[in-house]
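First up is the structure itself, then whatever we jot down about it.
Computed from heavy atoms alone, side chains included, the values below leave out hydrogens, waters and symmetry copies.
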2 protein chains.
Amino acid sequence: MSTKEKILDLAEHYIQHNGYNGFSYHDISSVLGIKNAAVHYHFPKKEELANEVIKKAQVQFENIVEKAEVYDVTYTDKVRRFLTIYDNNLRKENRVCLIGSFATNLDALPPGLNAPLAALVAAIKSWLTMVLAQGREAGEFHFRGSPGQRAALICSGMAGALQLAKILGNEEYYEIKSQLLNDLV
Amino acid sequence: MSTKEKILDLAEHYIQHNGYNGFSYHDISSVLGIKNAAVHYHFPKKEELANEVIKKAQVQFENIVEKAEVYDVTYTDKVRRFLTIYDNNLRKENRVCLIGSFATNLDALPPGLNAPLAALVAAIKSWLTMVLAQGREAGEFHFRGSPGQRAALICSGMAGALQLAKILGNEEYYEIKSQLLNDLV
DNA sequence: GAAGATACTTACTTATTAGTAAGTAAGCTA
DNA sequence: TAGCTTACTTACTAATAAGTAAGTATCTTC
């Protein structure tokens, strides 16, 4: 893995553990055994670094969508595959949802991050809404409310679950996840 | 309102808008037209300031519980009263849940905040679990899963809803809230 | 009316922050 | 082999951070 990729991974790590204002270029460089100027060489501004982290999440989401398209036959499987994103965060030493982290510290963020963040959230909500609508159409889901509302609830519930897990432990996460899935069928 | 109370209110404001690491004593003092040392006079360390904010939230929660005990006859009303805490955050220029904010930045927080935070979350979950259990016993609720699981889902969903509202707008919040309530009955 | 407490200000310190300018060693390219 | 590019280091800067020590004005209490 290149230094640039390592920096990006560490930035992601810190954003999801400490928040955007809870880490410095020195934190990253010291872990990698390089100087903070080397981090600035790859990502001149912290805002650009955060922007790349968001882009990476967007790509990761698009990969999930693609795999769901190819491999998953049931809509439940598609939703479950989507939720592995959150599972992975839990496994990575109790990371919080990336979007949740940015949203929480939104007023202390460079304003340039707003647009890419909104685009990512909109893409996720739109895809999940579609999957839920189709799943209901196919008779697989029987939830109350509109697919859009339900999609918003799932994203919020999962993001909140990761936060709650940090304080009360991981069982909370799995219980919330299973309820969200149960309320779908 | 005393300067001390004003400082506390501003700290709460910043924690819920910027996160613990997204504001400074200078941010607070400049708004109040005093010097940063005056803030240190009332709250010597930032950790103590944050601790007082948590205590304030604990008191606020206990007031809600007390009022629910006295005024609310149905369990639905008790839950609705509890959810006004989140409504108020939304109204206050889209504040995020206080606990959610601390949880998100947990790894970049003074470790002394961990215990009071966990105590607050435990108290909330415990009370809400009780209300949901009694409401189901009384035939008022018919949700799936255990009351504890359902309580965790409601707290997570509401915290996530406030975060989602910051990015996609306030309608998301109300839709999520109404779904959480609908899934109860 | 003297003594102490309250609520600050002035004037610092030390540490950390994002960011930069200039230099360098190693590898690739014409 | 001369020159360019890549990936850094060295050595800064200016701003901001939390926190402190000493001084001061005002109010309260005996």
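A/Phe82 and A/Tyr86 have perpendicular rings, their planes meeting at more than 60° on a 0 to 90° scale where under 30° would count as parallel.
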* Asked: In B/S/- notation, 5' to 3', how is nucleotides 4-11 of chain D contacted by protein heavy atoms closer than 4.0 Å?
  -> --SBBBB-
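Taking atom CG on B/Leu32 and atom C1' on C/dC8, their separation rounds to 13 Å, with Å as the unit. Straight-line distance from the CD1 atom of A/Ile28 to the C1' atom of C/dT16: 15 Å, rounded to whole Å. C/dT14 atom C1' lies 17 Å from atom OH of B/Tyr25, rounded to whole Å. If you measure from atom NE2 of A/His40 to atom P of C/dA22, you get 17 Å, rounded to the nearest angstrom.
Over its length, the helix from C/dG1-D/dC30 to C/dA30-D/dT1 turns its helix axis by 0°, as judged from the five terminal pairs at each end, rounded to 10°.
Using a 4.0 Å cutoff on non-hydrogen atoms, no part of residues 5-15 of chain A comes near DNA chain C.
At the heavy-atom level, A/Phe23 lies under 4.0 Å from the strands shown only through sugar-phosphate atoms.
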* Apply salt bridge (Lys or Arg N to Asp or Glu O under 4.0 Å) to A/Asp107 and B/Arg95, showing your working. => CA-CA 10 Å; A/Asp107 293 35; B/Arg95 286 190 190 189; over 6 Å; no
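Judged by distance alone, with hydrogens and angles left aside, the side-chain atoms of B/Thr104 form no donor-acceptor pair with the main-chain N or O of A/Ser101 at under 3.5 Å.
The side chain of B/Lys46 has D/dA18 as its nearest neighbour among C/dA18, D/dA18, D/dA17.
Taking 4.0 angstrom as the limit, A/Ser24 places a side-chain polar atom (N or O) nearer than this to OP1 or OP2 of C/dT17.
Side chain to side chain, B/Gln163 and A/Gln163 meet the donor-acceptor criterion of an N or O pair below 3.5 Å.
In the hydrophobic cluster analysis, where Ile, Leu, Val, Met, Phe, Trp and Tyr join through side-chain heavy atoms closer than 4.5 angstrom, B/Val96 is grouped apart from B/Leu90.
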